[in-house]
Amino acid sequence: MKCSGVICPEFSSMTRRNHPKMEPASLRTELERILSATIDDIWGNQIPDGFQVTVSGSDNLEFGDLSCQSALKLARIVHDNPRRSASMIVERIEGELPWISSVSVDGPGFINFSLSLQYLVSVSGMLAFKGLKSLLPDIGNGRKALVEYVSSNPTGPLTVGHCRQAVLGEAISSLLEATGWEVSREYYFNDTGRQMMLLGMSLAARYEAIDGGEAEIPEGGYHGDYITEWALELRDEQGSDLSWENNSTAFITFAKERAMEMIKSDLSLLSIEFDRYFAESELIPDAVRSTIAKLSSIEIDGKSLVYPDNDDKEKLWLRFTSLGRPTDRVIVRDNGMYTYRLPDIAYHIDKFSRGYDLMIDVFGADHLDTSKDVTAGLEILLGSSTVSDKLTIIIHQFVTLVREGRKIKMSTRAGEFVTLRKLIHDAGSVDVTKYLFLTRRAEAHMDFDLDLARKESNENPVYYVQYAHARISGIMRTAKEAGISLPDEHTAVSADLLDGEHERELMRLLELVPSRTAAAAEAREPHRLTEILADLATGFHRFYQHVRIVDSDDPDASSVRLMLCEACRRSISGLLEILGVDAPERM
RNA sequence: GCCCCCGUAGCUCAGCAGGAUAGAGCGGCGGUUUCCUAAACCGUAGGCCACAGGUUCGAAUCCUGUCGGGGGCACCA
């Protein structure tokens with residue numbers, strides 16, 4: 001880690017001569033390295049091993065562009081006034097830093113850096129000519145990630161809750177892709193067991209009711225109108241001679257296929273496509289049996305992890321209490337069917353065996369308890385460090401629907417739910433729906449007022465952002481008509497032409513975009529992108545208000561200002577693309 | 001009873017791996033278009049960051065407790 005003389009000769013010459021461009025992510029890394037080396041130089045072995053030096057964007061322009069708090073954190077370690085420590089650091093590095101125009105010690109001991117104009121111009125140029133993605137750090141570095149989301153069982157249309165999850169999972173996937181991960185999107189569904197049986201029986205009941213039979217939907221069955229529609233379709237296709245007693249498989253298969261079609265069509269409204277739909281039946285019987293065998297072979301405190309029920313030997317329990325969970329659970333029922341937890345553990349083992357470096361599950365709050373059990377099971381089978389290193393479970397809270405000021409209780413089985421389709425219709429557009437969900441972080445509850453949906457959508461911040469994009473696109477058209485184009489990509493732009501207060505403010509905002517986006521990716525928090533977008537839109541609108549961009553009397557200055565606009569436009573469109581929201585050229 | 005999430009401006013929510021005067025959108029009030037899209041911009045009002053302790057040079061952010069709201073605790077998924 002040590003670097004003699006603080007500034008590596010290679011780095012110094014590289015940045016100053018051979019490598020005229022510096023990317024924001026690299027600049028931060030280099031600053032951190034230089035600061036870290038300087039601190040090591042001054043205080044040497046007083047510094048503990050894990051001491052992290054970080055450079056982050058300043059909150060306020062008064063404090064420069066980038067800020068380092070290390071001197072404050074150092075105070076406790078070296079027992080000195082943080083301002084004095086900061087000054088000692090600054091003395092050593094001042095004037096030696098590439099791309100930095102000034103360094104100062106402010107407040108209680110912050111070290112603040114101002115970025116040089118030339119650097120800011122060069123970053124804006126990279127954004128304008130190469131786009132946002134080219135400046136995002138390659139965090140994944142080709143590693144493979146699997147994101148599992150939606151995973152709703154084929155029993156009916158997707159609802160509002162699924163919509164939130166779909167949008168969230170898709171945005172996380174895209175965000176990972178944008179930062180260098182190779183992402184597979186996977187949808188896991190249960191196509192066996194009790195729910196499918198109930199679905200088939202519900203369809204059979206509606207089918208028989210067509211010809212006047214008494215429709216008896218079984219207890220716990222499905223009451224949605226769509227079942228009746230399927231029943232009519234089934235009769236059109238296969239006549240009216242089917243009966244549940246003789247043709248149960250036909251009913252179940254028909255319902256299951258219709259449900260999956262419905263779900264895929266709902267997902268296509270959101271432009272979501274999965275790489276794989278993984279059916280639970282693929283795990284039965286081999287994968288599940290081998291999972292039971294592995295779990296059975298484990299003993300904790302002299303007790304087998306799997307044990308038979310006292311009354312019924314066919315029924316098997318998993319001793320979750322030995323794994324730190326509150327209660328043991330049945331994993332195989334007396335009729336030989338598996339409960340949810342067992343195939344789910346088997347499914348995750350399958351995922352782990354496929355060699356992913358990162359696996360993300362996006363679940364609703366109802367999965368909280370079971371997902372903890374599943375994780376505990378995986379940890380005992382695969383080792384807790386393997387699981388914690390590779391598996392991340394994101395639990396999002398539910399959407400509460402409000403209509404006429406009252407909360408609506410939703411139930412898919414009772415047929416009382418608001419579909420994803422209806423939600424999109426009420427909100428007025430797909431973009432609005434997506435953006436609305438994405439402005440909240442996953443763990444925040446969300447009230448969705450259906451009566452206000454459309455009204456709110458007109459005031460939705462997505463239009464504010466899209467408008468900025470459309471406005472810039474308009475400026476590009478105007479510039480073209482006036483014969484003004486972007487500067488040449490390979491010729492250095494004269495920074496003097498952008499030496500204004502408003503230009504600098506916008507460039508500084510742009511410079512922050514790649515690192516803020518990368519931070520959002522590492523936190524798996526796509527809602528942060530909506531914050532960046534709002535900042536960019538505000539920044540641009542303000543810039544536009546104060547600065548005349550296309551000016552036929554001054555084509556050179558117009559051209560470089562146009563470059564800033566283009567940098568802004570491509571930043572906005574790049575972020576919107578990650579969120580799956582359209583970036584319109586006109587509004 | 002156990003577990004999870006939330007409590008920040010009138011409303012919906014950001015900010016929370018501690019840091020320098022707490023933010024946005026919408027709503028309120030008042031301004032700004034002979035000029036590249038006014039779906040914009042500028043100004044202004046509005047906050048004991050639920051409450052109480054604790055840790056710290058420093059807490060909206062971390063810890064503990066209390067209160068309030070939501071959700072989950074199937075041999076459904």
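Both backbone and side-chain heavy atoms feed into the values below; hydrogens, waters and symmetry mates do not.
- Atom name P, nucleotides B/G1 and B/G23: the rounded distance is 41 Å, in whole Å.
- For B/U33, neither phosphate oxygen OP1 nor OP2 lies less than 4.0 angstrom from any side-chain nitrogen or oxygen of A/Tyr544.
- Residue A/Met197 qualifies as open at atom CE: its count of foreign heavy atoms under 6.0 Å is 12 or below.
- Within the 4.0 angstrom heavy-atom criterion, only backbone atoms of the sugar-phosphate kind lie near A/Leu368; the bases stay farther away.
- Among the atoms of the strands shown, only primed sugar atoms or phosphate atoms (P, OP1, OP2) are found under 4.0 Å from some heavy atom of A/His541.
- Across all strands shown, B/A22 has no partner, as no Watson-Crick or G-U wobble contact with both distances under 3.5 Å is found.
- Among the protein residues, A/Asp328 comes within range of no part of the nucleic acid, since none of its heavy atoms lies under 4.0 Å from any strand.
- With respect to the salt-bridge test (charged N to carboxylate O, under 4.0 angstrom), the residues A/Asp556 and A/Arg561 do not qualify.
- When both distances must be under 3.5 Å, the Watson-Crick or G-U wobble mate of B/C35 does not exist.
- Within the nucleic acid shown, A/Lys372 comes within 4.0 Å of sugar-phosphate atoms alone, with no base atom in reach, counting heavy atoms only.
- Counting any heavy atom pair closer than 4.0 Å across all strands shown, A/Val465 reaches no nucleic acid atom.
- The C1' atoms of B/C41 and B/C35 are separated by 15 Å, rounded to the nearest whole Å.
- Judged by Watson-Crick or G-U wobble contacts below 3.5 Å, the nucleotide B/G7 has B/C67 as its partner.
- Here A/Tyr464 lies in heavy-atom contact (under 4.0 Å) with sugar-phosphate atoms only.
- Using cut-offs of 30° and 60° for the angle between ring planes, the A/His502 and A/His546 rings count as parallel.
- Within the shown strands, nothing qualifies as a pairing partner of B/C48 under the Watson-Crick or G-U definition with both distances less than 3.5 Å.
- Comment: A/Lys351 engages A/Glu148 in a salt bridge, judged by a side-chain N to carboxylate O separation of less than 4.0 angstrom.
- Residue-level contact check: A/Asp535 touches neither bases nor backbone, having no heavy atom under 4.0 Å from any strand.
- Across all strands shown, B/C2 forms a Watson-Crick or G-U wobble pair with B/G72, both key distances being under 3.5 Å.
- No aromatic stack links A/Phe398 and the base of B/G70, using centre distance under 5.5 Å and interplanar angle under 30°.
- The side chain of A/Arg441 contributes an N or O atom lying less than 4.0 Å from OP1 or OP2 of B/A14.
- Taking atom C1' on both B/G27 and B/C36, the two are 31 Å apart, rounded to the nearest angstrom.
- Checked against a 6.0 Å centroid threshold, the rings of A/Phe540 and A/His469 do not count as neighbours.
- Residue A/Met337 is out of contact with every strand shown, counting any heavy-atom pair closer than 4.0 Å.
- The phosphate of B/G15 has OP1 or OP2 within less than 4.0 Å of a side-chain N or O from A/His527.
- Here B/U33 is in the syn range [glycosidic angle within 90° of 0].
- Between A/Arg528 and B/A14 there is no side-chain polar atom (N or O) within less than 4.0 angstrom of OP1 or OP2.
- Across all strands shown, B/C29 is found opposite B/G43 as a Watson-Crick or G-U wobble partner, with both distances under 3.5 Å.
- Look at A/Phe110 and the base of B/G19; the rings do not stack under the cut-offs of 5.5 Å between centres and 30° between planes.
- Taking 4.5 Å as the limit, some side-chain heavy atom of A/Leu423 sits within range of a side-chain heavy atom of A/Phe437.
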